[in-house]
There are 2 protein chains.
Amino acid sequence: MKYEAITIKDIAKALGLSTSTVSRALRDSYEISSETKDRVLAYAKEMNYRPNPIALSLKEKRSSSIGVLVSEIANSFFSQAINGIESVAQEKGYNVIIAQSKEDFEREVSALHYLASRSVDGILISVSAGTSDFSTINDLYLRGMPLVSFDRVVDHLNMHKVKVDNYKGGYDATQHLIKNGYKKIACIASSAYLSITEERVAGYKDALIEKKQGIDETLIDYCLHSGLIYEEVEAIMDKLMKQKNKPDAILACSDKITTNIMRYCQDKKIKIPAKIALLGFSNLDLTDLLTPSLSVVKQPAAEMGRIAAELLIKMIESKRPTSTFEEVILPTELYQRASSAKKTKP
Amino acid sequence: MKYEAITIKDIAKALGLSTSTVSRALRDSYEISSETKDRVLAYAKEMNYRPNPIALSLKEKRSSSIGVLVSEIANSFFSQAINGIESVAQEKGYNVIIAQSKEDFEREVSALHYLASRSVDGILISVSAGTSDFSTINDLYLRGMPLVSFDRVVDHLNMHKVKVDNYKGGYDATQHLIKNGYKKIACIASSAYLSITEERVAGYKDALIEKKQGIDETLIDYCLHSGLIYEEVEAIMDKLMKQKNKPDAILACSDKITTNIMRYCQDKKIKIPAKIALLGFSNLDLTDLLTPSLSVVKQPAAEMGRIAAELLIKMIESKRPTSTFEEVILPTELYQRASSAKKTKP
DNA sequence: TTAAATCCCGGTATCGTTTGCGTAAATTCA
DNA sequence: TGAATTTACGCAAACGATACCGGGATTTAA
């Protein structure tokens, strides 16, 4: 069964006019008499006429839709970001087409090809944790596809970037842990390929150096799947808790890593923060209800989505190729809660 | 700047052929010599030719995209459902276009018009909590738009429906609370307009009746916005905690209601389950990490999304109008945790 | 040798819309 | 009154791809 809409041709036939006249009447052209306009408009309204967007797309060579590539929709950060993207897109008359990479490089490449072949007018990208080769993205860029990367941006490519101040996020979080008396702070970050990882870890290191605490590389670890898989977090935690220089606090650099560490500690009956403190990047909105209430670095996800979508649409609608690229950096918010409370004397 | 793809015309010109020949060669028609086919295929591959989906859509009168209308993307249940929908759609070559109603009737109507005007081939609907008038949906149905409703289904309209056994979910949850010694079980449900509300409340009532516990209507309340707004939950809780027949347990019938009750109890320092037990419908995946760990009724969200998408695509691709409509009912899962632990003697 | 069959390919209409161009009819100006 | 202008509309091409129809060239059968 098919949903058949009324066309300009139907209106023309019904009113004994040509399609061009109807088209111009609908667009309120000066070439059409007001009498004819009224007839056309009235009939169009009665029949609930809507221009066929596909025919328009073919003619105008634009689809009025934007693609969004994220690693996982069912992730609080990304669903909040998509929320922001969708609101801007709707407002400006664009569709939002979603694709997920599941933190996998091959899926990311095929998703990008998919989006490009579906002729979206532009793409919002947050690269997967498994991506170290950016040639597909670069190809799209070279062929003129408007691109904006957000959150997990692509550092060495020319494009608009929307992200948070990851360095400061990592720095502030670490400083907070130091201030609360923790001496051996571990850092479990996402894939080392990601820009956010590098920046967050740099902030962590600088905070330690500034407070004259040495950096112990055995306290730093990376998750190739950004914590999406429990086992990778488990393995790292096992290693950390067994090693000589056992940490008394952990900075977790992604949503999934944070919650998987909590799950690990619950399983192993490791008390937070008595045995080990925890502070993580997370956008879940009930971290305050966890046991213990979780200290987090939160990102303005919806805001990032909105800004990224606005930049992309501006780029799409610009007459000339974009030459200067913006890098929007939003602040993170640090929520100090029980999981990183002042260290009690052992 | 625009992304310009190669067309069949470009290939024809480059190879000195007509567009029809190229088209047929690409589709491996028997009418084309294998020599010509090879030339065309080789050149197409070299130039990375992809058929323009918009031109195809115009010709075939189908867009290969499906619309999804949910109340809120940034909600664990819906993001999980979209996850399932997206995986099926991708596999079958369809786009997923997302729209949100934010539990608002007017936004739902405009989102439906939006999706229809963007010429999607079909729509997956989970109606908003504010919807009591289904005429827009019915209009779409009458005009032949393939529709499938999921989770919050539209009971009296003819369409495929995918949902969980809400009655049993409510019944089992209530029975569990009774078994654990609770005598005055309140029920805070979503908007009374929703099918899920009616069914869950019916299960709740029947469990009470079966155990010879009377039904006190002052213990049953509804949230017009499905708990999306904290204040509506707060008002109901204030009322419940002050009234004569004060509940010793609560059955919360939506994700947001559940977490907002937890937040309320934390704010007011009401101990769960000592002062009041809590059991809620929720799809968050860290309810086990909350304090206390939260007893929940969980829905197979991704599975529902997958099944709904499959039904919709089957409907779209069917030659003749669908006459018999399926109602798929999936089981809920009850997780018994600390928030509904056995009642301690007061 | 001629008619029929087969093989390959091109021309053209079509989907729905916009737009440049052409042109009758109506109007204005000299 | 005749010419110039304006008004108001239709024709046809274009966007990219497909498919029906038709036809020239070669091969096969009679």
Side-chain angles (χ1 to χ4, degrees), chain A residues 2-41 43-44 47-65 93 116-121 143-144, chain B residues 2-41 43-44 47-65 93 116-121 143-144:
Chain A
K2 228 168 246 168
Y3 174 89
E4 303 267 3
I6 185 172
T7 74
I8 241 177
K9 221 180 267 184
D10 300 328
I11 300 181
K13 201 176 291 172
L15 265 50
L17 294 167
S18 77
T19 58
S20 12
T21 303
V22 175
S23 170
R24 273 184 275 247
L26 289 170
R27 327 199 109 250
D28 200 26
S29 161
Y30 68 97
E31 296 186 88
I32 307 298
S33 70
S34 57
E35 188 192 358
T36 306
K37 272 183 199 167
D38 290 346
R39 282 176 63 212
V40 170
L41 257 46
Y43 189 77
M47 291 284 125
N48 195 30
Y49 168 79
R50 306 255 169 254
N52 182 323
I54 294 180
L56 238 57
S57 293
L58 184 58
K59 188 112 186 73
E60 310 283 331
K61 295 193 172 216
R62 51 190 235 101
S63 62
S64 290
S65 59
S117 79
R118 302 300 297 193
S119 57
V120 293
D121 293 340
R143 286 157 69 191
Chain B
K2 227 167 250 169
Y3 174 89
E4 302 268 1
I6 185 172
T7 74
I8 236 175
K9 219 180 269 184
D10 300 327
I11 301 181
K13 199 175 292 173
L15 267 48
L17 295 167
S18 78
T19 58
S20 5
T21 304
V22 175
S23 171
R24 272 183 284 244
L26 290 169
R27 329 201 106 249
D28 199 27
S29 159
Y30 68 96
E31 296 185 88
I32 306 299
S33 70
S34 57
E35 188 193 356
T36 306
K37 271 184 200 167
D38 290 347
R39 281 176 64 213
V40 171
L41 258 45
Y43 189 77
M47 291 285 125
N48 196 31
Y49 167 79
R50 307 251 170 258
N52 182 324
I54 294 180
L56 275 168
S57 293
L58 184 59
K59 185 113 185 72
E60 309 285 332
K61 296 195 173 214
R62 49 190 234 102
S63 62
S64 290
S65 59
S117 79
R118 302 300 297 193
S119 58
V120 293
D121 293 341
R143 286 157 69 191

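Proteins get letters first, then strands, A, B, ... in listed order; numbering begins at 1 in each. On a predicted model such as this, the values are computed, not experimentally measured, just so you know.
- The nearest heavy atom of DNA chain D to A/Y30 and to A/S20 marks one nucleotide each, and the one closer to the 5' end goes with A/Y30.
- The distance between atom CD1 of B/I54 and atom C1' of D/dA14, rounded to the nearest whole Å, is 15 Å.
- Of the candidate nucleotides C/dT18, D/dA17, C/dC9, C/dT18 has the atom nearest to the side chain of A/R27.
- Along DNA chain D, the nucleotide nearest B/Y49 and the nucleotide nearest B/R24 are compared for position; the residue whose nucleotide lies closer to the 5' end is B/Y49.
- The two atoms that bring A/I32 and A/R24 nearest to each other are CG1-CB, 3.7 Å, heavy atoms only.
- Counting distance only, with no hydrogens placed and no angle test, the side-chain atoms of B/E31 and the base atoms of C/dC7 include no donor-acceptor pair under 3.5 Å.
- Rounding to whole angstrom units, CG of residue B/L58 and C1' of C/dT18 are separated by 13 Å.
- Between D/dG16 and A/K59, no contact under 4.0 Å exists linking OP1 or OP2 to a side-chain N or O.
- Taking 4.0 angstrom as the limit, A/S23 places a side-chain polar atom (N or O) nearer than this to OP1 or OP2 of C/dT18.
- For B/S33 against C/dC7, a side-chain-to-base donor-acceptor contact under 3.5 Å is absent.
- The phosphate of C/dG10 has OP1 or OP2 within less than 4.0 Å of a side-chain N or O from B/S18.
- Proximity of B/K61 to the phosphate of C/dT14: no side-chain N or O atom is located under 4.0 Å from OP1 or OP2.
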